[in-house]
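The structure under discussion appears below in the form of structure tokens.
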Number of protein chains: 2
Amino acid sequence: MRLVIAECSVDYAGRLSAHLPLAKRLLMVKNDGSLLVHSDGGSYKPLNWMSPPCVLTTVEPDETQAAAGITELWKVTHKKTGDALIVSIHEVHHDSAHELGVDPGLQKDGVEAHLQKLLAEQIELLGDGYRLIRREYMTAIGPVDILATDATGASVAVELKRRGDIDGVEQLTRYLELMNRDPLLAPVQGVFAAQEIKPQARTLAQDRGIRCVVLDYDAMRGLDDSDSRLF
Amino acid sequence: MRLVIAECSVDYAGRLSAHLPLAKRLLMVKNDGSLLVHSDGGSYKPLNWMSPPCVLTTVEPDETQAAAGITELWKVTHKKTGDALIVSIHEVHHDSAHELGVDPGLQKDGVEAHLQKLLAEQIELLGDGYRLIRREYMTAIGPVDILATDATGASVAVELKRRGDIDGVEQLTRYLELMNRDPLLAPVQGVFAAQEIKPQARTLAQDRGIRCVVLDYDAMRGLDDSDSRLF
DNA sequence: GGCTTTATCTCGTAT
DNA sequence: ATACGAGGTAAAGCC
């Protein structure tokens, strides 16, 4: 992510035409090439922006533009729609770049979060001798919902979903590949747990040696009297 | 505006509960106290945020939190709803503040400027034989959007609006009164052109002998190949 | 992948 | 002030 504070004017042409007069603003260039133009007020919506997929190119200002005080010209075009955003920069006050990496993303607490909490408390539902290591076990590619050990002490990675679909199996597969490369964890067994598991997902999981567990949410809630406290 | 790049986790409690696991993100603190938490991808929507009016306070982490690696705690609460956003900062990688001032704000040209340009180019939309005299024809009380002549060579004053309201008809009426006193122009016919004309405005216009024309912006754009050049 | 519904929606406008 | 509808809506859920 690149952060630039600059005196600039902005023109947008796409579904509509819009113009931002010259003023000092924040230009946020994300890793995917998308651009956000923010002022020091308003809500979270930028004054103007370009959504991915798009490309940012810097153009050399021509004589007229240079005479008008433009020192840099950014052109951001959307790859599909052809929408264009043109940023005319007059003066740069700040310019810094930062490596942020992939974000694990927002968890909206609802049924899945509650399911995770309940299963963590009732980890023996997976089998006798199972013990919880931790929830949200962090890996380089994101957090695994639950990490546990089975009766033999071997690691078990649990992926939780309300509706178990192929996507969830793929996700768990990626985690397992990564974790099995870690000598401190390997061998790691996979468990795909959901209130409902689609036949395709079940077939794929079994094909990859991943155990499928269907969870009874209501029964799990019934066992847990802390339910009234919610979280 | 303050920009902070930090390892942080975020919890939101308001209309819903949500959580962001520990990761490196951008924290944007606007002048009004509002906060935006951005990752290096996604759309213009932040991962999490607090809208104004709100207040940001920094809290000293307690022993447990400090032991967990939290060096700073930000608490942003909405003044009316009481929604709260809690940012647990583990490590700050960048921290800078910038004075941006008040933004002049976005001008949506789709409204009038673009319409005027398009209608000037496609003046025959008003009728066969129409010819453009000039845009922004100056009078003593201000510029008339478009001055043209009809097939007979008589003057036509065009008032353009995105949404045709009574105000626009009144404005055009004033121009027409003035221009009809000019022997070089008189008689001047009035045309009220807009993407949408309100019934009250239409009634008033017709009562004053002003012709109403509804413009199809998209069709006019489609006819204008200069649109593909963007600027 | 395409479609429908939702949103801590935001934002403007009319009442 | 509040209600209503559009948005460069974006994002989640569902078939």
Side-chain angles (χ1 to χ4, degrees), chain A residues 10-20 30 32 34-39 41-54 76-86 103 105-112 161-168 194-196 198-201, chain B residues 10-20 30 34-39 41-54 76-86 103 105-111 114 161-168 194-196 198-201 217-218 221 227 230:
Chain A
V10 182
D11 289 278
Y12 168 75
R15 304 258 187 113
L16 58 80
S17 299
H19 175 73
L20 280 170
K30 293 197 174 185
D32 51 13
S34 61
L35 177 76
L36 279 63
V37 182
H38 266 281
S39 66
S43 66
Y44 67 70
K45 195 179 178 182
L47 293 166
N48 222 324
W49 72 93
M50 185 60 72
S51 315
C54 61
V76 191
T77 47
H78 195 277
K79 279 178 181 166
K80 290 184 175 177
T81 64
D83 290 14
L85 195 68
I86 291 177
D103 200 281
L106 188 70
Q107 295 174 8
K108 291 191 178 179
D109 290 347
V111 176
E112 186 179 325
K161 292 289 175 197
R162 197 171 65 81
R163 285 184 45 241
D165 226 325
I166 283 192
D167 288 352
Q195 278 186 274
E196 172 201 357
K198 289 291 172 75
Q200 292 180 341
Chain B
V10 183
D11 289 278
Y12 169 77
R15 306 248 188 120
L16 57 80
S17 297
H19 174 72
L20 280 171
K30 293 197 175 186
S34 61
L35 178 76
L36 280 62
V37 183
H38 266 281
S39 66
S43 64
Y44 65 69
K45 194 178 179 180
L47 294 166
N48 219 326
W49 72 94
M50 185 59 72
S51 314
C54 61
V76 190
T77 47
H78 196 276
K79 280 177 181 167
K80 291 184 175 178
T81 63
D83 291 13
L85 195 67
I86 291 176
D103 201 279
L106 189 68
Q107 297 173 5
K108 291 191 178 180
D109 290 342
V111 191
H114 202 192
K161 292 287 176 200
R162 193 173 68 83
R163 287 184 42 246
D165 227 324
I166 283 193
D167 290 351
Q195 276 188 276
E196 173 200 357
K198 289 293 170 72
Q200 292 180 341
Y217 181 53
D218 291 329
R221 288 184 65 165
D227 194 50
L230 294 172

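A note on names: the letters A, B, ... follow the listed sequences, proteins ahead of strands, and every chain is numbered from 1.
When the nearest nucleotides of DNA chain C are assigned to B:Gly14 and B:Lys198 by heavy-atom distance, the more 5′-ward of the two goes with B:Gly14. Comparing A:Leu106 and A:Lys45, the nucleotide of DNA chain C nearest to each residue sits closer to the 5' end for A:Leu106.
When heavy atoms are screened at a 4.0 angstrom cut-off, B:Asp165 is found touching the sugar-phosphate backbone but no base atom. Within the 4.0 angstrom heavy-atom criterion, only backbone atoms of the sugar-phosphate kind lie near B:Ser51; the bases stay farther away. Residue contacts for A:Met50: at a heavy-atom cut-off of 4.0 Å it reaches a base atom on one of the strands shown.
Listed here is the closest heavy atom pair of B:Arg162 and B:Ala194: O-CB, 3.9 Å. The minimum heavy-atom distance linking B:Ala201 with B:Ile166 is given by the pair CB-N, 3.8 Å.
Nearest to the side chain of B:Ser43, among D:dT9, D:dA11, C:dT10, sits D:dA11. Closest approach to the A:Arg162 side chain among D:dA10, C:dT10, D:dC14 is made by D:dC14 (side chain taken as heavy atoms from C-beta onward). The side chain of B:Tyr44 lies closest to D:dT9, out of C:dC9, D:dT9, D:dA11.
The SG atom of A:Cys54 lies 6.5 Å from the CG atom of A:Asp32; values are rounded to the nearest 0.5 Å.
Counting heavy atoms of neighbouring residues, nucleotides and ligands inside a 6.0 Å radius, atom CD of A:Glu196 exceeds 12 of them.
Side-chain nitrogen and oxygen atoms of A:Arg163 include at least one within less than 4.0 Å of the OP1 or OP2 phosphate oxygen of D:dC14.
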